[in-house]
There are 2 protein chains.
Amino acid sequence: MDQLRETLKGHHLRTTTCREDVLSTFISKKNALSHGDLEGALGENYDRVTIYRTLKTFLEKGIIHKVLDDEGLRYALCSHNCSEEQHQHDHIHFKCNECGETNCLENLHIPPVQLPLGYQPQNFNLLIQGTCPKCN
Amino acid sequence: MDQLRETLKGHHLRTTTCREDVLSTFISKKNALSHGDLEGALGENYDRVTIYRTLKTFLEKGIIHKVLDDEGLRYALCSHNCSEEQHQHDHIHFKCNECGETNCLENLHIPPVQLPLGYQPQNFNLLIQGTCPKCN
DNA sequence: AAATATCTTGCAACACAGTTGCAAAAAAGG
DNA sequence: CCTTTTTTGCAACTGTGTTGCAAGATATTT
Ligand SMILES: [Zn+2]
Ligand SMILES: [Zn+2]
Ligand SMILES: [Zn+2]
Ligand SMILES: [Zn+2]
């Protein structure tokens, strides 16, 4: 509870009930969430637009990061020290085709790639799809 | 021209002008294309819905494959022998943040990853974002 | 070349995702 | 409690993708 306020303050954001609820939803569910997922979880409490704006703000401030998915965009908590200045992620994302959940494999890093000359990489996004341990 | 008909026939598809035009657009532009790109290129000639359906058909028949992108879905030609039965891709996609183009790096393969126990991988999608040689 | 069966297209209508402007409400700071 | 600044809700709008159905085009057979 107070933990949430601290996190928001640490990223220079005012504490509002919507931001607390969205953040706490990300913490309790551990998988990546789409806007629709949040709308479902927080129900009638907040306007769709407010949730969109909250996601955008969290993204900019380095609280969450984008997770690419074959059926759209999702978001997941940044576990490390991301900030307004820079996101730093090199972990792998796994989507289960059975249960549909997408998760960060935090301690599984994307192996380095030798790009052809002239390509200047800035960030990496590896999605592996298949069956997760729960559905296996 | 006749090449197009051959490709379509090879995938058990009737030749129609829309399919020929979409296919030839994929061949001439070499980067990954979104539905909107095609709508822009083919202009007034075809209905939006027809282009959607053409993409869906091409996808199913193994003529094109999905390319994940932080701003949506794109499609690119399958260079190897994909079919209705199976797509086989393990190459890397690169999106340039300057010009916005996304391309297949056909001869750059995704390095193997050792997943934790219980994870059963089926397919892989690695997107690298940065600056491409043209914009460097 | 015409008839037939089958597949493809365009249209209209819809469902869902995401954005913008603006006035009212809430938070932070004194 | 008052002021400043940020955030929210609402309404309206744009964009993306889907579905049903009748009309049109393609391949196949006669
Ligand atoms: Zn981050
Ligand atoms: Zn992640
Ligand atoms: Zn393929
Ligand atoms: Zn590709």
Side-chain angles (χ1 to χ4, degrees), chain A residues 1-2 4-25 32-61 63-75 84 100 102, chain B residues 1-2 4-25 32-61 63-75 84 100 102:
Chain A
M1 246 212 224
D2 226 31
L4 300 175
R5 301 180 87 87
E6 282 309 310
T7 304
L8 292 172
K9 254 191 179 166
H11 290 274
H12 311 102
L13 287 176
R14 291 192 178 178
T15 41
T16 69
T17 53
C18 180
R19 285 174 181 169
E20 286 178 319
D21 281 2
V22 169
L23 186 50
S24 108
T25 306
L33 302 174
S34 67
H35 172 268
D37 295 334
L38 286 163
E39 211 182 343
L42 303 180
E44 328 277 275
N45 301 350
Y46 309 104
D47 193 85
R48 293 178 338 105
V49 181
T50 305
I51 298 178
Y52 275 116
R53 286 196 267 230
T54 303
L55 286 171
K56 196 175 176 187
T57 305
F58 281 11
L59 206 56
E60 285 165 1
K61 298 292 179 176
I63 298 176
I64 57 177
H65 63 281
K66 285 185 183 181
V67 179
L68 298 186
D69 199 302
D70 66 333
E71 52 185 348
L73 210 48
R74 288 164 199 269
Y75 305 89
E84 194 158 4
T102 305
Chain B
M1 246 211 220
D2 225 31
L4 300 174
R5 300 179 88 87
E6 283 308 313
T7 304
L8 291 173
K9 253 190 179 167
H11 291 272
H12 310 102
L13 288 175
R14 290 192 178 177
T15 42
T16 70
T17 53
C18 180
R19 286 174 180 169
E20 286 178 320
D21 281 1
V22 169
L23 185 51
S24 109
T25 306
L33 302 173
S34 67
H35 172 268
D37 295 334
L38 286 163
E39 210 181 344
L42 302 180
E44 328 278 273
N45 301 352
Y46 307 104
D47 192 86
R48 294 178 337 104
V49 180
T50 305
I51 299 178
Y52 276 116
R53 287 196 267 230
T54 303
L55 286 171
K56 196 176 176 187
T57 306
F58 281 11
L59 207 55
E60 286 165 0
K61 298 292 178 176
I63 298 176
I64 58 178
H65 62 281
K66 285 186 182 180
V67 179
L68 298 186
D69 199 300
D70 65 335
E71 52 185 349
L73 210 47
R74 288 164 199 271
Y75 305 88
E84 194 158 5
T102 304

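By convention in this document, chain letters (A, B, ...) are assigned in the order of the sequence lines, proteins followed by strands, and residues within each chain are numbered from 1.
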**Q** Between which nucleotides of DNA chain D, read 5' to 3', does contact with chain A run, using atoms under 4.0 Å from its heavy atoms?
**A**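 First and last nucleotides in contact are D/dT5 to D/dA11.
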**Q** Identify, with sequence neighbours excluded, every residue that meets side-chain hydrogen bond (donor to acceptor under 3.5 Å, both in side chains) alongside B/Thr7.
**A**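 Listed in chain order: nothing, the list is empty.
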**Q** State whether A/Thr16 places a side-chain N or O below 4.0 Å from either non-bridging phosphate oxygen (OP1 or OP2) of C/dA26.
**A**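 For A/Thr16, the contact criterion (side-chain N or O under 4.0 Å from OP1 or OP2 of C/dA26) is not met.
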**Q** Give me each pair satisfying salt bridge (charged side-chain N to carboxylate O under 4.0 Å, His left out) with a member in residues 43-60 of chain B, each pair once, sequence neighbours excluded.
**A**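 Salt bridge (charged side-chain N to carboxylate O under 4.0 Å, His left out) check on residues 43-60 of chain B returns no pairs.
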**Q** Under the rule for salt bridge (charged side-chain N to carboxylate O under 4.0 Å, His left out), what residues qualify as partners of B/Asp69, not counting sequence neighbours?
**A**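 Applying salt bridge (charged side-chain N to carboxylate O under 4.0 Å, His left out) to B/Asp69 gives B/Arg74, B/Lys95.
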**Q** Considering the terminal five base pairs at each end of the helix from C/dA1-D/dT30 to C/dG30-D/dC1, what angle separates the two local helix axes, rounded to 10°?
**A** 30°
**Q** For B/His11, enumerate each residue passing the ring pair (Phe, Tyr, Trp, His ring centres under 6.0 Å) test, keeping only those at least two apart in sequence or located in another chain.
**A** none
**Q** List in chain and number order the residues that pass salt bridge (charged side-chain N to carboxylate O under 4.0 Å, His left out) with A/Lys66, two or more places apart in sequence or in another chain; answer none if no residue qualifies.
**A**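 Scan of A/Lys66 (salt bridge (charged side-chain N to carboxylate O under 4.0 Å, His left out), adjacent residues dropped) gives none.
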**Q** Pick the closest DNA chain C nucleotide for B/Thr57 and for A/Leu13 by heavy atoms, then say which residue is nearer the 5' end.
**A** B/Thr57
**Q** Who are the side-chain hydrogen bond (donor to acceptor under 3.5 Å, both in side chains) partners of B/Thr57, not counting sequence neighbours?
**A**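 For B/Thr57, no residue satisfies side-chain hydrogen bond (donor to acceptor under 3.5 Å, both in side chains) once neighbours in sequence are set aside.
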**Q** Can you tabulate the close N/O pairs, meaning under 3.5 Å, that link protein atoms to atoms of nucleotides 3-5 of chain C?
**A**
none

**Q** What residues form a side-chain contact (heavy atoms from CB on, under 4.5 Å) with A/Thr25, not counting sequence neighbours?
**A** A/Lys29, A/Leu33, A/Leu38, A/Ala41, A/Leu42
**Q** Which comes earlier along DNA chain C counting from the 5' end, the contact point of B/Asn45 or that of A/Gly36, where each point is its nearest nucleotide?
**A**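 Comparing both residues, the 5'-ward one is B/Asn45.
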